[in-house]
There are 2 protein chains.
Amino acid sequence: MRWSEIGDMTCSIARALSVVGDRWTLLILRDAFLRTRRFEQFQASLKITRHRLADRLQKLVDNGILERLPYQDNPPRFEYKLTAKGVDLYPVIAALVGWGDRWMAGKDGVPIELVHRGCGHTIAPEFVCPDCREPIGARDMLAQPGPGLLAQRKKRRSAVKRKT
Amino acid sequence: MRWSEIGDMTCSIARALSVVGDRWTLLILRDAFLRTRRFEQFQASLKITRHRLADRLQKLVDNGILERLPYQDNPPRFEYKLTAKGVDLYPVIAALVGWGDRWMAGKDGVPIELVHRGCGHTIAPEFVCPDCREPIGARDMLAQPGPGLLAQRKKRRSAVKRKT
DNA sequence: ATACTAAGTTCTAATTTGGAACTGATGTAT
DNA sequence: ATACATCAGTTCCAAATTAGAACTTAGTAT
């Protein structure tokens, strides 16, 4: 199985993970959020092999998460910047940081604190319902078929009909 | 390099990803959140090889994210349930769903909608600062060294001192 | 002329994964 | 009683992915 397509890909998580779901990619993005931009910087920070790094950066560019922009011409050199689609992955990173802080922190406490520029508080952000503003936990949400799944089911039904 | 330890592990993301950061694990957890519990159910749903599944489940149990509980004695059979630590990964899953919905949905629309049980609205949850309740984006947060990192730096400094 | 930098590429060896068959304890149908 | 099915895994080999290290290319600095 090629990892560009996981399982049935009906699920948004599967689709997201097909782009972002390997071990290095999220670490590369973490560095990107901390304003790392250049090949050598990523490599030095992550100790990823150069090969792998080139590969992952390429994939992120292909998927519109990073942009490869020239920053000088002679010799041609490029840097990688988060696109809007990339910046929008921030909640994923933040959620991972939060969980890591809560459950995997060493005895010395959390390694990095997040400070909200607006109010100056150093707290992990939390998920809320944008409508009623209540914090959201796993069992507060109900998953139900959306338009995409319904459309797909419809297609499948008519495909079966054609066969019989 | 063994993947139980990524890079320098100073970072909460690296620590989180060392447990949760491979392609199958988050899909297994997605299923767990949708109340899948048994080996055969996971296998049928994910089409992961049995070998890999056994491996990943074991690792999740080792890390306290799933619990392996007997549900019958003759023959002995077990099911896997999310622990508190596992349930607390919900924001990560939710963030992935949100991003997948926003950027990777097919033309038919999102496959699954999330309904907030409290208010009945079908919207993707958003991140807010728990203090001022403002929505949080990538550039609204400032990362600064926390107690864990400071403690570690202190240790390193004294180690250097001993050497010289 | 030599060394150095940035951003890759190429090569081989080691590790991880996929695919498919097999196990073992039990329950059910013929 | 024999055959077949279920569940929760193991075992084995081939295929894909990754690590590690050296090499490339184009320009700059000493």
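Not measured: the values here are computed from a predicted model.
Taking atom CG on A:Leu57 and atom P on C:dA7, their separation rounds to 10 Å, with Å as the unit. Nucleotide C:dT17 holds its C1' atom 10 Å from the CD1 atom of B:Ile48, rounded to whole Å. Distance, A:Phe39 CZ to C:dA7 C1': 6 Å, rounded to whole Å. Separating the CD atom of B:Gln43 from the P atom of D:dT6 is a distance of 14 Å, rounded to the nearest angstrom. To the nearest angstrom, P of D:dA8 lies 11 Å from CZ of B:Phe42. Rounded to an integer number of Å, the gap from CG of B:Leu53 to C1' of C:dA20 is 16 Å. The nearest whole Å value for the distance from the CZ atom in A:Arg52 to the P atom in C:dG8 is 15 Å. Taking atom CG of B:Asp55 as the reference point, atom P of C:dT15 lies 16 Å away to the nearest angstrom.
For the pair B:Arg50 and B:Phe39, the minimum side-chain heavy-atom distance is below 4.5 Å.
Every residue was checked against the salt bridge (Lys or Arg N to Asp or Glu O under 4.0 Å) condition with A:Arg77, not counting sequence neighbours, and none meets it. Residues passing the salt bridge (Lys or Arg N to Asp or Glu O under 4.0 Å) test with B:Asp108, sequence neighbours excluded: A:Lys155.
The local environment of NZ in A:Lys85 is crowded, with over 12 non-hydrogen atoms from other residues, nucleotides or ligands closer than 6.0 Å.
The nearest pair of heavy atoms linking B:Pro111 to B:Asp101 is CD-OD1, 4.0 Å. Residues A:Phe42 and A:Thr36 come closest through the heavy atom pair CZ-O, 3.4 Å.
For A:Arg68, a side-chain nitrogen or oxygen approaches OP1 or OP2 of C:dG8 to under 4.0 Å. The shortest distance between the side-chain N/O atoms of B:Arg23 and the OP1/OP2 oxygens of C:dT17 is not below 4.0 Å. For the OP1/OP2 pair of C:dA6 and a distance below 4.0 Å, the side-chain nitrogens and oxygens of A:Tyr80 include no atom meeting the criterion. Taking only side-chain nitrogens and oxygens, A:Trp24 never comes nearer than 4.0 Å to OP1 or OP2 of D:dT17. Close to D:dA8, at under 4.0 Å from its OP1 or OP2, lies a side-chain N or O of B:Tyr71. OP1 or OP2 of D:dT18 lies within a sub-4.0 Å distance of a side-chain N or O belonging to A:Arg56.
The side chain of A:Arg50 approaches C:dA7 more closely than any other nucleotide in the set D:dC7, C:dA7, D:dG9. For A:Ala54, the side-chain atoms get nearest to C:dT9 when compared with the rest of C:dT9, C:dT17, D:dG20.
If you check residues 72-79 of chain B against DNA chain D, the residues with a heavy atom closer than 4.0 Å are B:Arg77, B:Phe78, listed by number.
A donor-acceptor pair under 3.5 Å is formed between the side chain of B:Gln72 and the backbone N or O of B:Pro75.
In terms of position along DNA chain D, the nucleotide closest to B:Gln41 lies nearer the 5' end than the nucleotide closest to the other residue of the pair B:His51 and B:Gln41.
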